[in-house]
A.B. asks: 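Structure incoming, see below.
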Amino acid sequence: MTKKRKVIIVGAGPAGLTCAYYLLKNSKDYEVIVLEEEDMVGGISKTVTYDNNKMDLGGHRFFSKSQEVNDIWQEILKIQGSPSEDDKILGSDKKFVPGGPDPSTDDALLIRNRVSRIYYDKKFFDYPISFSLKTICKLGFFRTIICAFSYFKSSIIKLSEDNLENFYINRFGKKLYKMFFCNYTEKVWGKSPKNISADWGSQRAKGLSVFEIIKDSLKRIFNIKSDNVETSLIDCFYYPKYGPGQMWEKMSLKIEDMGGLIIKKAKVCKIIQKNGKIASIFYLKEAKKVKLDADILVSSMPLKDLCEMINNVPKEIYNIASSLPYREFMTLGLIVKKLNLNNETNIKTISNIVSDNWIYVQESDVKMGRIQIFNNWSPYLVDDLFNTVSIGLEYFCQEGDNLWNMSDSSFKDFVVDELEKMEIINKDDVLKYNVERVKKAYPAYFGSYKEINKLIAYLDTIDNLYCIGRNGQHRYNNMDHSMLTGMEAAKNIINGSKDKSNIWSVNAEKEYIESKK
């Protein structure tokens with residue numbers, strides 16, 4: 001028998017698990033071992049449980065223009081429900097079943113309505129901004145006229161897109177940029193958009209602009225169907241019944257069923273390269289150092305950490321990697337009796353709460369970045385669905401700063417005070433809470449990022465090393481992009497391809513569209 005080649009995959013998030021799954025499904029030639037530092041799979045896409053309530057750390061809409069990604073999701077979980085049907089209560093135990101699917105089926109991929117708004121100037125606006133009578137009334141006639149002239153000016157006089165601010169101004173005009181993009185972006189990155197590369201905008205907003213919003217609005221008014229729609233304009237998405245972590249937990253079980261090994265609480269601490277190839281990996285498990293020889297290494301760990309662990313990295317490359325910036329993430333899960341918000345849409349919800357999945361907080365006098373309403377992601381995330389609302393409050397910070405170092409109770413009090421200031425809840429309605437902190441959640445697009453191509457070129461010279469995922473490529477990937485990098489790496493391994501440009505090119509296109517079907 002031919003000896004199987006050993007593939008070590010660092011990280012059991014969407015990228016790492018997809019790579020392992022694809023390899024094992026399509027080839028019998030590899031021994032696959034996944035090393036995960038935490039005691040749960042899923043990375044930032046895991047689902048956290050507290051007091052029988054489940055919270056999604058980032059709000060993970062399951063959508064993709066890639067049929068391969070959609071196929072994998074539907075291999076793991078079964079599609080149920082329909083956003084076009086009224087939500088129904090079935091059974092004497094008041095079991096909630098979206099769209100009326102079989103209540104006994106737990107491995108469900110639900111279809112959910114997508115609703116987002118922006119909180120600005122003590123008012124709520126559609127996200128993306130819609131040019132409706134309601135929006136004009138909230139903005140006021142004269143401010144609307146100023147926004148229109150500002151946009152027309154930006155359409156004629158284009159700025160050089162050498163920073164994120166100019167990227168947004170070119171697409172929305174300076175007035176709309178200041179109102180609906182500037183403050184939120186500064187919260188996310190801790191810097192003015194003037195000092196951030198436009199790459200972030202091209203990868204996250206891509207084809208979104210005033211023109212695209214108007215075009216999409218006209219299509220909806222005249223009921224013109226389109227096979228493709230800009231990502232930020234989608235109106236429904238898939239979502240696992242018990243949150244995004246359910247997808248990765250089920251996938252990890254399938255990986256193990258196919259012979260793969262997933263080792264949790266395994267922190268990689270050293271990587272040895274010899275003659276331009278990775279030879280072995282050391283990891284810590286229960287305070288013991290374990291060595292694994294490797295034929296191939298697939299890494300989704302932050303590039304900064306990767307280069308610190310590999311021996312003989314040139315000094316210039318090491319300095320670029322060690323200076324790559326990141327932003328940390330804190331989120332407060334909160335169970336409250338009610339929200340002081342009215343449902344302004346025609347989408348029915350349990351107890352008639354607002355229909356938003358999340359709300360972007362554009363106000364400059366609060367630090368809060370975004371509000372998730374978990375009842376609307378999946379009703380199965382909420383323990384007492386009919387009497388409580390489960391929300392997630394998102395903050396962006398740096399490890400070691402004042403926010404990060406707050407005690408859990410102090411952070412909870414700080415967040416509740418901001419919610420009261422915004423008139424969204426009453427303090428007396430708070431029932432339960434949970435705090436989560438995520439290191440290196442967001443790879444940032446400033447500092448030594450401008451030299452990242454030198455780092456990528458060096459890493460590509462290491463013959464048997466493949467870098468995948470959000471942190472593995474220092475690229476603000478969506479979940480499906482991370483999966484695609486894992487699949488592309490697996491294809492290269494199976495095909496023996498040494499060209500890694502297909503992996504790095506994922507999410508590098510200037511437009512990102514998805515099917516509405």
Side-chain angles (χ1 to χ4, degrees), residues 13 36-60 96 187 239-249 264-265 327-341 350-351 353-354 356-359 361 366-399 401-422 424-442:
E36 171 53 49
E37 182 176 352
E38 298 187 24
D39 61 355
M40 294 177 65
V41 299
I44 198 174
S45 301
K46 67 186 177 184
T47 301
V48 175
T49 301
Y50 71 101
D51 292 327
N52 294 321
N53 294 283
K54 298 180 183 296
M55 59 185 291
D56 178 346
L57 295 186
H60 291 86
F96 182 89
K187 289 178 186 181
Y239 194 76
K241 184 174 180 177
Y242 297 114
Q246 183 182 14
M247 180 69 72
W248 313 117
E249 289 158 11
K264 300 173 186 174
K265 293 186 177 181
R327 287 286 276 173
E328 273 68 44
F329 174 77
M330 292 179 67
T331 184
L332 176 75
L334 208 61
I335 305 298
V336 296
K337 294 178 183 177
K338 66 180 185 299
L339 300 178
N340 299 330
L341 302 173
I350 290 296
S351 303
I353 65 169
V354 290
D356 303 75
N357 305 115
W358 54 39
I359 297 168
V361 181
V366 296
K367 291 183 179 294
M368 188 180 300
R370 197 167 61 177
I371 303 168
Q372 289 189 77
I373 303 175
F374 295 121
N375 301 53
N376 297 329
W377 288 89
S378 169
Y380 298 98
L381 301 181
V382 188
D383 183 39
D384 187 358
L385 178 66
F386 300 96
N387 300 301
T388 64
V389 183
S390 176
I391 55 178
L393 299 316
E394 301 180 1
Y395 289 76
F396 313 98
C397 54
Q398 294 297 142
E399 184 179 1
D401 69 12
N402 291 336
L403 204 61
W404 183 267
N405 287 337
M406 279 186 184
S407 67
D408 286 359
S409 60
S410 295
F411 182 60
K412 183 265 294 184
D413 292 341
F414 174 79
V415 175
V416 169
D417 285 344
E418 290 206 330
L419 285 169
E420 275 208 316
K421 181 178 181 179
M422 296 163 61
I424 290 177
I425 69 165
N426 299 323
K427 186 178 296 185
D428 293 340
D429 287 333
V430 175
L431 300 173
K432 301 174 183 178
Y433 76 93
N434 179 61
V435 177
E436 296 291 330
R437 294 172 174 82
V438 182
K439 295 180 181 179
K440 294 186 177 70
Y442 300 102

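As a basis for the values below, the full set of heavy atoms in this structure was taken, side chains included, without hydrogen atoms, waters or symmetry mates.
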A.B. asks: Testing the basics here: between Pro379 and Leu385, what is the closest heavy-atom pair and its distance to 0.1 Å?
C.D. replies: CB-CD2, 3.6 Å

A.B. asks: Could you measure the distance from the CD atom of Glu394 to the CD1 atom of Ile359? Nearest 0.5 Å is fine.
C.D. replies: 11.5 Å

A.B. asks: Tell me, with the steps shown, if Asp56 and Lys46 meet salt bridge (charged side-chain N to carboxylate O under 4.0 Å, His left out).
C.D. replies: CA-CA 7 Å; Asp56 178 346; Lys46 67 186 177 184; over 6 Å; no

A.B. asks: Would you find a donor on one side and an acceptor on the other, under 3.5 Å apart, between the side chain of Asn426 and the backbone of Asn340?
C.D. replies: no

A.B. asks: Looking only at non-hydrogen atoms, find the nearest pair between Ile44 and His60 and report the distance.
C.D. replies: O-CE1, 3.2 Å

A.B. asks: Check for a donor-acceptor pair, side chain of Glu418 on one end and backbone N or O of Met368 on the other, with a separation under 3.5 Å.
C.D. replies: yes

A.B. asks: How long is the span from the NZ atom in Lys338 to the CD1 atom in Ile425, to the nearest 0.5 Å?
C.D. replies: 9.5 Å

A.B. asks: Hey, can you tell me if Phe329 and Tyr442 have their rings parallel, tilted or perpendicular (30° and 60° cut-offs)?
C.D. replies: perpendicular

A.B. asks: Show, in sequence, the C-alpha distance, side-chain angles and deciding distance for Lys412 and Leu332, and conclude whether the side-chain contact (heavy atoms from CB on, under 4.5 Å) test is met.
C.D. replies: CA-CA 7 Å; Lys412 183 265 294 184; Leu332 176 75; 4.1 Å; yes

A.B. asks: Mind running side-chain contact (heavy atoms from CB on, under 4.5 Å) on Gln372 and Asn357 for me, showing each step along the way?
C.D. replies: CA-CA 6 Å; Gln372 289 189 77; Asn357 305 115; over 6 Å; no

A.B. asks: In the structure I gave you, are the side-chain heavy atoms of Met40 and Trp248 within less than 4.5 Å of one another anywhere?
C.D. replies: no

A.B. asks: How close do Cys397 and Trp404 get, heavy atom to heavy atom, and via which atoms?
C.D. replies: SG-CE3, 3.7 Å

A.B. asks: Side chains of Val389 and Ile373: does their closest heavy-atom pair fall under 4.5 Å?
C.D. replies: yes

A.B. asks: Only one of Ile424, Thr331, Leu419, Val435 forms a side-chain contact (heavy atoms from CB on, under 4.5 Å) with Leu393, so which one is it?
C.D. replies: Leu419

A.B. asks: Nearest 0.5 angstrom please: Lys440 NZ to Arg327 CZ, how far?
C.D. replies: 14.0 Å

A.B. asks: Are any non-hydrogen side-chain atoms of Leu57 and Val48 less than 4.5 angstrom apart?
C.D. replies: yes

A.B. asks: Would you compute the distance between atom CG of Asp383 and atom OH of Tyr50 and round it to the nearest 0.5 angstrom?
C.D. replies: 10.5 Å

A.B. asks: Are the charged groups of Lys337 and Asp428 less than 4.0 angstrom apart, N to O?
C.D. replies: no

A.B. asks: Apply the test side-chain contact (heavy atoms from CB on, under 4.5 Å) to residues Asp408 and Arg437: give CA-CA distance (whole Å), side-chain angles for both, the deciding distance (0.1 Å), then the verdict.
C.D. replies: CA-CA 10 Å; Asp408 286 359; Arg437 294 172 174 82; 2.9 Å; yes

A.B. asks: Would a distance-only check, ignoring hydrogens and angles, find a side-chain to backbone donor-acceptor pair under 3.5 Å from Asp413 to Ser410?
C.D. replies: no

A.B. asks: Decide, yes or no, whether a salt bridge links Lys264 with Asp39 under the criterion of side-chain N to carboxylate O below 4.0 Å.
C.D. replies: no

A.B. asks: Under 4.5 Å between any side-chain heavy atoms of Tyr433 and Val415, yes or no?
C.D. replies: no

A.B. asks: Does the pair Asn53 and Leu381 meet the rule for a side-chain contact (heavy atoms from CB on, under 4.5 Å), with working shown?
C.D. replies: CA-CA 6 Å; Asn53 294 283; Leu381 301 181; over 6 Å; no

A.B. asks: So among Glu399, Glu38, Glu328, which one has a salt bridge (Lys or Arg N to Asp or Glu O under 4.0 Å) with Lys439?
C.D. replies: Glu399

A.B. asks: Any idea how Phe411 and Tyr395 line up, ring-wise: parallel (<30°), tilted (30 to 60°), or perpendicular (>60°)?
C.D. replies: perpendicular

A.B. asks: Taking atom NZ of Lys367 and atom CZ of Phe396, what is their separation to the nearest 0.5 Å?
C.D. replies: 13.0 Å

A.B. asks: Do Leu334 and Leu431 have side chains that get closer than 4.5 Å, going by heavy atoms?
C.D. replies: no

A.B. asks: Return yes if a side-chain donor-acceptor contact under 3.5 Å exists between Asp356 and Asn376, otherwise no.
C.D. replies: no

A.B. asks: Determine whether a donor-acceptor pair (N or O, by modelled atom type, separation under 3.5 Å) exists between the side chain of Thr49 and the backbone of Asn52.
C.D. replies: no

A.B. asks: Treating Lys187 as the side-chain partner and Val366 as the backbone partner, does any N or O pair qualify as donor plus acceptor under 3.5 Å?
C.D. replies: yes

A.B. asks: Work out which heavy atom in Val382 is nearest to a heavy atom in Ser390; give both atom names and the distance.
C.D. replies: CG2-CB, 3.9 Å

A.B. asks: To the closest 0.5 Å, what do you measure between OH (Tyr380) and CD (Gln246)?
C.D. replies: 11.0 Å

A.B. asks: Under 3.5 Å, is there a donor on one side chain and an acceptor on the other for Ser378 and Lys241?
C.D. replies: no

